[in-house]
There are 2 protein chains.
Amino acid sequence: MSDLRSVFAALSDETRFDIVERLMKDGELPAGDLVSDSTISGPAISRHLKVLREAGLVEQRAEGTRRLYAVRPQALKTISDWTIDHRAFWEVSLNRMAAALEAEEDICPTSD
Amino acid sequence: MSDLRSVFAALSDETRFDIVERLMKDGELPAGDLVSDSTISGPAISRHLKVLREAGLVEQRAEGTRRLYAVRPQALKTISDWTIDHRAFWEVSLNRMAAALEAEEDICPTSD
DNA sequence: CCCTTATTTAACAAATATGTTAAATAAGGT
DNA sequence: ACCTTATTTAACATATTTGTTAAATAAGGG
């Protein structure tokens with residue numbers, strides 16, 4: 001799977017999305033902390049972390065018996081770059097829509 | 001599923017990702033054109049289009065017997081906004097990594 | 001060396017996703 | 001009304017995903 005698509009696949013799952021947001025907020029955390037936060041089992045979290053690792057969304061570092069996980073900023077940049085690559089399409093479209101809305105207001109103004 | 005996560009889920013599939021890129025490149029297209037471009041069956045494409053619609057990634061417009069599909073720019077903006085919301089995390093991290101790399105170069109310079 | 005803690009792997013069941021073909025629906029032309 | 005074209009829905013098989021519990025692995029302490 002392409003880098004970008006596997007990143008999207010990884011983030012489409014709620015558990016994994018929450019893990020990524022948590023790691024961005026709190027920084028590097030041991031797997032155990034992510035398990036305690038979650039309602040699902042350790043093995044399930046462990047497999048989610050593997051999916052995130054394989055998608056390049058997180059990296060793992062050993063410290064004694066613990067495994068510390070952190071978000072790889074490059075993965076976020078990959079997504080950002082994709083939106084930027086297509087900005088010409090969507091930003092222009094949104095502006096045009098806003099303008100059309102304004103023009104409509106002139107014809108049939110609302111309370112605000 | 002949250003808006004953002006269902007957008008990610010929709011884009012994690014290659015067929016759907018390709019459809020979205022095609023529609024951004026060429027603009028509004030009838031379902032039939034998307035079928036002819038693809039190696040998979042009409043019904044399969046039709047179901048992919050439904051997933052994209054339900055995720056808010058595309059919108060459908062009827063014109064006679066044809067159904068014209070187009071990417072909804074808001075969906076792209078939703079993704080862009082998410083990366084921007086977290087830019088403080090990933091951009092700073094990347095800069096720090098670049099700086100660390102530079103510092104290392106000073107200690108053990110390479111051929112370039 | 002054994003015990004505890006931290007984490008992953010294995011084995012399996014249930015749910016979800018994706019493709020296929022055949023049938024249904026809808027619009028338009030003759 | 002009937003036929004053609006465009007698209008979707010239905011029914012079904014298969015593959016993938018995701019959760020569970022039990023067992024395996026790895027590091028460190030006594």
Side-chain angles (χ1 to χ4, degrees), chain A residues 1-23 26-72, chain B residues 1-23 26-72:
Chain A
M1 182 143 62
S2 85
D3 259 29
L4 182 54
R5 272 189 303 107
S6 60
V7 166
F8 286 151
L11 291 172
S12 68
D13 177 86
E14 179 167 25
T15 303
R16 290 191 295 259
F17 184 85
D18 291 348
I19 287 173
V20 168
E21 292 243 293
R22 173 85 197 279
L23 291 175
D26 295 353
E28 196 179 46
L29 286 176
D33 282 25
L34 300 168
V35 172
S36 353
D37 283 349
S38 177
T39 59
I40 66 178
S41 68
I45 295 293
S46 182
R47 200 134 41 94
H48 280 304
L49 288 170
K50 187 181 185 183
V51 172
L52 288 170
R53 242 182 293 133
E54 286 172 350
L57 256 161
V58 304
E59 62 196 351
Q60 188 204 50
R61 182 168 76 83
E63 194 178 82
T65 139
R66 295 187 315 172
R67 295 293 175 272
L68 300 174
Y69 284 90
V71 173
R72 293 185 61 240
Chain B
M1 183 145 60
S2 85
D3 260 30
L4 182 55
R5 272 189 303 108
S6 60
V7 165
F8 285 151
L11 292 172
S12 68
D13 177 87
E14 178 165 26
T15 303
R16 290 191 295 260
F17 184 86
D18 290 349
I19 287 173
V20 167
E21 293 243 294
R22 173 86 197 278
L23 290 175
D26 295 353
E28 198 179 44
L29 286 176
D33 283 23
L34 300 170
V35 172
S36 352
D37 283 350
S38 176
T39 60
I40 67 178
S41 69
I45 294 293
S46 182
R47 202 135 39 91
H48 280 304
L49 287 169
K50 186 180 185 185
V51 172
L52 288 171
R53 242 182 294 133
E54 287 173 350
L57 256 160
V58 303
E59 62 196 350
Q60 189 204 50
R61 183 169 76 83
E63 195 178 81
T65 140
R66 294 187 314 170
R67 295 293 175 274
L68 300 174
Y69 284 89
V71 173
R72 294 184 61 239

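Quick note on labels: first sequence line is chain A, next is B, and so on, each numbered from 1. Predicted model only: the values in this text are computed from it and were never measured.
Note on A:Ser41: every side-chain N or O is 4.0 Å or more away from OP1 and OP2 of D:dG19. Distances shown here put every side-chain N or O of A:His48 at or beyond 4.0 Å from the OP1 or OP2 atom of D:dT17.
Regarding A:Met1, its CE atom lies at a distance of 7 Å from the P atom of D:dT17, rounded to whole Å.
No donor-acceptor distance shorter than 3.5 angstrom exists from the side chain of A:Arg67 to the backbone of A:Ala31, with no hydrogens or angles considered. At distances below 3.5 Å, not a single donor-acceptor pair connects side-chain atoms of A:Ser38 with backbone N or O atoms of A:Val35.
Looking at residues two or more places apart in sequence or on another chain, you find no side-chain hydrogen bond (donor to acceptor under 3.5 Å, both in side chains) involving B:Glu59.
In this structure, CE in A:Met1 is found 5.0 Å from OG in A:Ser6, a value given to the nearest 0.5 Å. To the nearest 0.5 Å, atom CD1 of residue A:Ile45 and atom CG of residue A:Asp33 are 11.5 Å apart.
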Can you pull every protein N or O that's under 3.5 Å from an N or O on nucleotides 2-9 of chain C?
| from | atom 1 | to | atom 2 | distance (Å) |
| --- | --- | --- | --- | --- |
| C:dA6 | O4' | A:Thr65 | OG1 | 2.8 |
| C:dT7 | OP1 | A:Ala31 | N | 3.3 |
| C:dT7 | OP1 | A:Arg67 | N | 3.2 |
| C:dT7 | OP2 | A:Gly32 | N | 2.5 |
| C:dT8 | OP1 | A:Gln60 | NE2 | 3.1 |
| C:dT8 | OP1 | A:Tyr69 | OH | 2.5 |
| C:dT8 | OP2 | A:Ser46 | OG | 2.9 |
| C:dT8 | O5' | A:Ser46 | OG | 3.2 |

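The stretch residues 5-13 of chain B does not touch DNA chain D, since none of its heavy atoms comes less than 4.0 Å from the strand.
Across all their heavy atoms, A:Arg66 and A:Pro30 have their closest contact at NH1-CG, 3.9 Å. Across all non-hydrogen atoms, the minimal contact from B:Ala55 to B:Val7 is O-CG2, 3.5 Å.
In this structure, B:Phe8 and A:Phe17 have tilted ring planes: the angle between them lies in the 30° to 60° band.
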